[in-house]
Engineer: 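Dropping a structure here in structure tokens format, bear with me for questions.
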Amino acid sequence: MTLTENIRLSPAWGFEFKATPKGEIEGLASPFGGISDSYGDVIAEGAFTKSLEFHAAEGNAPAMLWSHDGSQPIGRWETLVERPDGLHVKGAFALKTAAGAQAYEHARAGSATGLSIGGYFKEWRENSDGGRLITQVDLIEISLVACPAAPRARVQSVKSALTLNTRSEFAALLRAT
């Protein structure tokens with residue numbers, strides 16, 4: 001069965017079963033406004049707009065890394081969207097790699113629940129508290145981390161697929177629900 005497709009069961013059963021790809025991750029990569037991060041920085045709404053437009057025009061995305069380690073890519077970010085509360089991301093782990101599988105297991109287990117951006121701050125202004133309000137970021141990568149600099153930059157969901165290979169596995173699922 002292909003996990004990226006909807007699977008229609010008998011119409012007489014009255015429902016559909018939708019399988020999701022194994023290893024999806026979603027989260028808030030960078031919150032806008034609010035409290036400063038551990039470096040004293042606050043990211044302004046719209047700070048990623050130019051960078052996201054550039055990535056879209058080039059047909060690529062910022063790297064998905066393990067703890068900002070450029071030698072540890074763990075997957076690919078597929079959707080990056082600025083919303084009023086921050087930069088939301090969705091991607092998939094590269095589960096056939098050791099780093100991707102390990103990062104997925106840490107995210108699923110809850111031992112790595114933070115997200116952290118990496119890039120170049122192109123424009124900013126000083127805050128009254130000595131920190132910076134970042135107004136333009138050239139986004140290079142977004143990492144899965146154990147301790148994010150911005151406390152609200154968190155993984156919101158990690159999805160795994162349900163694989164049913166036999167009728168008895170499907171029947172067991174129905175009995176359990």
Engineer: Treat each ILVMFWY residue as a node, draw an edge where side-chain heavy atoms are under 4.5 Å apart, and state whether L139 and V42 are in one component.
Structural biologist: no
Engineer: A side-chain contact here means heavy atoms from C-beta on lying under 4.5 Å apart; do P62 and I140 qualify?
Structural biologist: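 In short, these two side chains do not touch, never coming nearer than 4.5 Å.
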Engineer: Is the side chain of T79 donor-acceptor paired with the backbone N or O of K90 at a distance under 3.5 Å, no angle test?
Structural biologist: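 No, T79 side chain to K90 backbone: no donor-acceptor pair under 3.5 Å.
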Engineer: Do F48 and I117 touch side chain to side chain, with heavy atoms closer than 4.5 Å?
Structural biologist: yes
Engineer: Take E126 and R132, measure what side-chain contact (heavy atoms from CB on, under 4.5 Å) needs, and give me the verdict at the end.
Structural biologist: CA-CA 5 Å; E126 299 290 324; R132 298 181 296 179; 4.1 Å; yes
Engineer: Ignoring hydrogens and angles, tell me if any N or O in the side chain of N127 forms a donor-acceptor pair with the backbone of G130 under 3.5 Å.
Structural biologist: no
Engineer: Tell me the closest heavy-atom pair linking A92 and E78, and the distance in Å.
Structural biologist: CB-OE2, 3.7 Å
Engineer: Give the C-alpha distance, both sets of side-chain angles, the deciding distance and a yes or no for side-chain contact (heavy atoms from CB on, under 4.5 Å) between V137 and L87.
Structural biologist: CA-CA 12 Å; V137 178; L87 177 63; over 6 Å; no
Engineer: Going by side-chain hydrogen bond (donor to acceptor under 3.5 Å, both in side chains), name the residues that satisfy it together with Q136, two or more places apart in sequence or in a different chain.
Structural biologist: none
Engineer: Identify the two heavy atoms, one from G91 and one from W77, that lie closest to each other, and give their separation to 0.1 Å.
Structural biologist: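 Closest pair (atom of G91, atom of W77, distance): N-CE3, 3.8 Å.
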Engineer: Would you compute the distance between atom CD of E105 and atom OG of S111 and round it to the nearest 0.5 angstrom?
Structural biologist: 9.0 Å
Engineer: Looking at F121, I'd like to know if its CZ atom is crowded, meaning that more than 12 non-hydrogen atoms belonging to other residues, nucleotides or ligands lie closer than 6.0 Å.
Structural biologist: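 More than 12 within 6.0 Å, yes.
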Engineer: Specify the closest pair of heavy atoms between L80 and A61, including all atoms of both residues, with the distance to one decimal.
Structural biologist: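 Distance-wise, the nearest heavy atoms are CD1-CB, 4.2 Å.
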Engineer: Can you hop from V158 to V145 via hydrophobic side chains spaced under 4.5 Å?
Structural biologist: no
Engineer: To the nearest 0.5 Å, how far apart are CG in L115 and OG in S143?
Structural biologist: 9.0 Å
Engineer: Judged by atom type as modelled, is there a donor-acceptor pair below 3.5 Å linking the side chain of T113 to the main-chain atoms of R154?
Structural biologist: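 Side chain of T113 to backbone of R154: no pair is present.
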Engineer: Can you name the nearest heavy-atom pair linking P73 to L65, along with the distance?
Structural biologist: CA-CD2, 3.8 Å
Engineer: Is L144 reachable from L28 through a run of hydrophobic residues whose side-chain heavy atoms are each under 4.5 Å from the next?
Structural biologist: no
Engineer: Any chance you could measure L133, atom CG, to W124, atom CH2, to the nearest 0.5 Å?
Structural biologist: 12.0 Å
Engineer: If you take all heavy atoms of I142 and A29, which pair is closest and at what distance?
Structural biologist: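 Taking I142 first and A29 second, the nearest heavy atoms are CG2-CB, 3.8 Å.
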Engineer: Find the distance between NE2 (H106) and CH2 (W66) and round it off to the nearest 0.5 Å.
Structural biologist: 4.5 Å
Engineer: Between the side chains of Q72 and S67, does any donor sit under 3.5 Å from an acceptor?
Structural biologist: no
Engineer: Using every non-hydrogen atom in the two residues, find where V155 and G114 come nearest and quote the distance to one decimal.
Structural biologist: CG2-O, 4.4 Å
Engineer: Check the pair H68 / E141 against side-chain contact (heavy atoms from CB on, under 4.5 Å), numbers first and verdict last.
Structural biologist: CA-CA 8 Å; H68 301 292; E141 58 94 4; 2.4 Å; yes
Engineer: May I ask you to test the N60-H55 pair for a side-chain heavy-atom distance under 4.5 Å?
Structural biologist: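 N60 vs H55: side chains touch.
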Engineer: Might you work through the side chain to side chain donor-acceptor pair (under 3.5 Å) test for H88 and E26, ending with a clear yes or no?
Structural biologist: CA-CA 7 Å; H88 289 261; E26 292 184 54; over 6 Å; no
Engineer: Look up atom CZ in R76 and atom CZ in F93, then write down how far apart they are to the nearest 0.5 Å.
Structural biologist: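 Spacing of CZ (R76) from CZ (F93) equals 15.0 Å.
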Engineer: Quick check for you: to the nearest 0.5 Å, what is the distance between M64 atom CE and I74 atom CD1?
Structural biologist: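 It comes to 5.5 Å.
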Engineer: Any donor and acceptor pair, going by atom type alone, linking the side chain of T49 with main-chain N or O of G46 inside 3.5 Å?
Structural biologist: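 Yes, T49 side chain to G46 backbone: donor-acceptor pair under 3.5 Å.
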Engineer: Is I25 reachable from Y104 through a run of I, L, V, M, F, W or Y residues, each pair having side-chain heavy atoms under 4.5 Å apart?
Structural biologist: yes
